[in-house]
2 protein chains.
Amino acid sequence: MAIHRTYSGSGTGAVTAGPKKRTRIQAKNEARIVAAALDVFSMHGYRGATVDQIALSAGMSKANVLYYFNRKEAIYSAVLAHTLSNWLNPLDDLDPEGDPITELWQYALQKLRMSRETPYASRLFANEILQGAPVIRPFLDTELKALVERKCRTIQTWIDAGELAPVAPLHLIFLIWSATQHYADFEAQIQALNTDSEESLYADAERTLQLVLTRGLAP
Amino acid sequence: MAIHRTYSGSGTGAVTAGPKKRTRIQAKNEARIVAAALDVFSMHGYRGATVDQIALSAGMSKANVLYYFNRKEAIYSAVLAHTLSNWLNPLDDLDPEGDPITELWQYALQKLRMSRETPYASRLFANEILQGAPVIRPFLDTELKALVERKCRTIQTWIDAGELAPVAPLHLIFLIWSATQHYADFEAQIQALNTDSEESLYADAERTLQLVLTRGLAP
DNA sequence: TCGTACCTTGACCATCTGGTCAACAATTTA
DNA sequence: TAAATTGTTGACCAGATGGTCAAGGTACGA
């Protein structure tokens with residue numbers, strides 16, 4: 001997760017010289033700011049978010065927010081870095097030794113539940129990528145690409161062994177990502193079109209996705 | 001497509017009294033503005049777009065843009081209204097008389113090709129819905145909801161007739177939307193992760209989606 | 001040709017917003 | 001406790017941006 005290194009300003013703002021030890025107060029306030037900023041950025045996008053909103057949401061003054069993060073962009077980078085690993089980690093769990101269809105369905109299910117439980121993270125990335133990924137492009141080009149290529153090889157191995165339908169591995173990953181993140185990113189649309197309870201909504205989503213994936217991926 | 005009526009300001013700005021006939025120049029310039037605004041809004045979102053950018057892209061002065069559309073929001077509404085019908089029309093083509101899996105796959109294919117050919121429209125809606133659909137929520141709640149419910153009934157009929165796997169119709173539609181629009185909305189990510197040509201990218205996407213859908217939906 | 005209505009824009013204004021700074025408060029350290 | 005470091009904020013600034021307006025230009029019917 002090298003996003004951290006990409007943006008030098010994402011640390012403590014007041015300290016310009018070498019890396020000093022972080023105070024308790026620093027850690028606490030930076031965490032509060034990042035948590036507040038996730039809300040604001042994921043709702044309004046980078047440009048639509050204001051430092052004032054973030055400060056208000058974090059319960060402190062704008063000047064104080066900019067004391068910890070010199071620039072608005074630094075807050076944004078910190079939020080992305082803080083969220084990115086959690087958001088993408090499950091992919092790493094795909095086990096080449098496991099049963100392909102079980103592994104893939106478990107991955108999809110985990111992503112679907114994450115979309116429900118932490119939609120902010122999903123919308124944060126959706127916004128970032130919609131704008132052309134100006135900040136996390138370096139990460140996409142290097143670490144995410146390496147991870148995805150590794151997992152594509154795993155999937156291809158399954159296909160070659162006749163344990164999985166002959167899909168294009170990369171596009172299977174895209175399919176799982178899109179189908180699950182949709183429930184977070186397009187929540188407003190889904191709320192408008194759904195008539196049932198949220199509970200049964202997600203139950204139906206799981207059922208349908210499981211059915212299509214398990215049948216669609218059978219060799 | 002009643003979005004037009006929702007925003008009174010989306011017509012000619014200078015004329016405040018009743019509906020007068022539109023000049024040739026009016027029609028031409030409004031079309032130029034809407035086309036330019038689609039580019040700008042889809043790239044930067046509502047808040048990130050500036051009237052100056054739109055004016056520059058349309059080849060006229062900012063003041064002139066605001067002569068035809070009194071408010072920035074009016075431009076935005078006009079762009080949404082102009083794009084919405086084209087973007088959602090294919091769903092209406094689902095023929096209850098046709099073969100279910102063929103019909104659904106043709107619909108998915110059409111959406112996938114639209115994502116490739118006119119990604120701006122997709123990204124425009126993605127931005128709008130990510131922000132909570134502040135402008136098109138009334139449309140979602142009424143016309144889109146009615147259309148989707150109608151199509152869900154069609155799908156349910158197919159299921160009841162044993163011609164289709166027992167999925168939740170609404171979620172099947174979500175699956176098709178998400179899997180296809182993903183290629184437009186997340187283009188930046190896809191570009192970063194793809195190593196092949198764009199041609200083979202979309203060929204693989206079609207092949208994988210067809211395989212999973214046709215197998216996954218078989219009764 | 002003339003007059004009217006429509007078109008176009010540079011200059012301008014009010015507001016919003018990211019960022020700075022000096023002054024003061026709290027906390028840690030010697 | 002005294003000094004020094006760290007934390008906090010109201011006031012302020014500069015640039016960006018949505019929107020207005022008066023003044024002048026252009027098309028078009030009578």
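In what follows, chains are A, B, ... by sequence order, proteins preceding strands, each numbered from 1. FYI, side chains are in, hydrogens and waters are out, and symmetry mates aren't considered; it's all heavy atoms of this structure.
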*Asks:* Among residues two or more places apart or on two chains, list those pairs meeting salt bridge (charged side-chain N to carboxylate O under 4.0 Å, His left out) that have a residue in residues 111-122 of chain B.
*Replies:*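 As it turns out, the salt bridge (charged side-chain N to carboxylate O under 4.0 Å, His left out) pairs with a partner in residues 111-122 of chain B, which skip direct neighbours, are R113(B)-E206(B), R116(B)-E198(B), R116(B)-E199(B).
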*Asks:* Just to verify, what does T195(A) make a side chain to side chain donor-acceptor pair (under 3.5 Å) with, not counting sequence neighbours?
*Replies:* none
*Asks:* Among residues at least two apart in sequence or on other chains, which ones pass side chain to side chain donor-acceptor pair (under 3.5 Å) with S200(A)?
*Replies:*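 Only S197(A) meet the side chain to side chain donor-acceptor pair (under 3.5 Å) criterion with S200(A).
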*Asks:* Mind listing the N/O atom pairs, protein and nucleotides 16-26 of chain C, below 3.5 Å?
*Replies:*
{"from": "dT17(C)", "atom 1": "OP1", "to": "R47(B)", "atom 2": "NH2", "distance (Å)": "2.6"}
{"from": "dG18(C)", "atom 1": "OP1", "to": "A49(A)", "atom 2": "O", "distance (Å)": "3.2"}
{"from": "dG18(C)", "atom 1": "OP1", "to": "K72(A)", "atom 2": "NZ", "distance (Å)": "3.2"}
{"from": "dG18(C)", "atom 1": "OP2", "to": "V51(A)", "atom 2": "N", "distance (Å)": "2.9"}
{"from": "dG18(C)", "atom 1": "N7", "to": "K62(A)", "atom 2": "NZ", "distance (Å)": "3.0"}
{"from": "dG19(C)", "atom 1": "OP1", "to": "R71(A)", "atom 2": "NH1", "distance (Å)": "3.0"}
{"from": "dG19(C)", "atom 1": "OP2", "to": "K72(A)", "atom 2": "N", "distance (Å)": "2.6"}
{"from": "dG19(C)", "atom 1": "N7", "to": "K62(A)", "atom 2": "NZ", "distance (Å)": "3.4"}
{"from": "dG19(C)", "atom 1": "O6", "to": "K62(A)", "atom 2": "NZ", "distance (Å)": "2.8"}

*Asks:* Please list, pair by pair, any protein nitrogen or oxygen found under 3.5 Å from a nitrogen or oxygen in nucleotides 22-30 of chain D.
*Replies:*
{"from": "dC28(D)", "atom 1": "OP1", "to": "R24(B)", "atom 2": "NH2", "distance (Å)": "2.5"}

*Asks:* Looking only at heavy atoms, what is the nearest atom pair of S77(A) and V135(A), with distance?
*Replies:* OG-CG1, 4.0 Å
*Asks:* According to a strict under-4.0 Å criterion, is Q26(B) in side-chain N/O contact with OP1 or OP2 of dC6(C)?
*Replies:*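 So the side-chain polar atoms of Q26(B) never come under 4.0 Å of the phosphate oxygens OP1 or OP2 of dC6(C).
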*Asks:* Taking only residues two or more places apart in sequence, or in another chain, which ones meet N194(A) in a side chain to side chain contact (heavy atoms under 4.5 Å, CB included)?
*Replies:*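 With neighbours one apart ignored, the set is D196(A), L201(A), L170(B).
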*Asks:* Please give, in whole Å, the distance from dA11(C) C1' to N64(B) CG?
*Replies:*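 After rounding, the reported distance stands at 16 Å.
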*Asks:* Can you name the side chain to side chain contact (heavy atoms under 4.5 Å, CB included) partners of A179(A), sequence neighbours left out?
*Replies:* L209(A), L175(B), S178(B)
*Asks:* So, using side chain to side chain contact (heavy atoms under 4.5 Å, CB included) as the criterion, who are the partners of D92(B) when residues are at least two apart?
*Replies:* L147(B), R150(B), K151(B)
*Asks:* Is the phosphate of dC6(C) approached by N29(B) (side-chain N or O, under 4.0 Å from OP1 or OP2)?
*Replies:* no
*Asks:* Please table the atom pairs, donor to acceptor, closer than 3.5 Å between any side-chain atom in residues 52-62 of chain B and protein atoms at least two apart or in another chain.
*Replies:*
{"from": "Q53(B)", "atom 1": "OE1", "to": "T50(B)", "atom 2": "N", "distance (Å)": "3.0"}
{"from": "Q53(B)", "atom 1": "OE1", "to": "T50(B)", "atom 2": "OG1", "distance (Å)": "3.4"}
{"from": "S61(B)", "atom 1": "OG", "to": "N64(B)", "atom 2": "N", "distance (Å)": "3.1"}

*Asks:* Is any side-chain nitrogen or oxygen of Y67(A) closer than 4.0 Å to OP1 or OP2 of dT8(D)?
*Replies:* no
*Asks:* Using side chain to side chain donor-acceptor pair (under 3.5 Å) as the criterion, list what pairs up with Y202(B), not counting sequence neighbours.
*Replies:*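 Listed in chain order: nothing, the list is empty.
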*Asks:* Please list, chain by chain and in numerical order, all residues satisfying side chain to side chain donor-acceptor pair (under 3.5 Å) with Y183(B), sequence neighbours excluded.
*Replies:*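 If we apply the side chain to side chain donor-acceptor pair (under 3.5 Å) test to Y183(B), skipping adjacent residues, the hits are H171(A).
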*Asks:* Heavy atom of residues 34-45 of chain B under 4.0 Å from DNA chain D: which residues?
*Replies:*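 Under 4.0 Å from DNA chain D: no residue of residues 34-45 of chain B.
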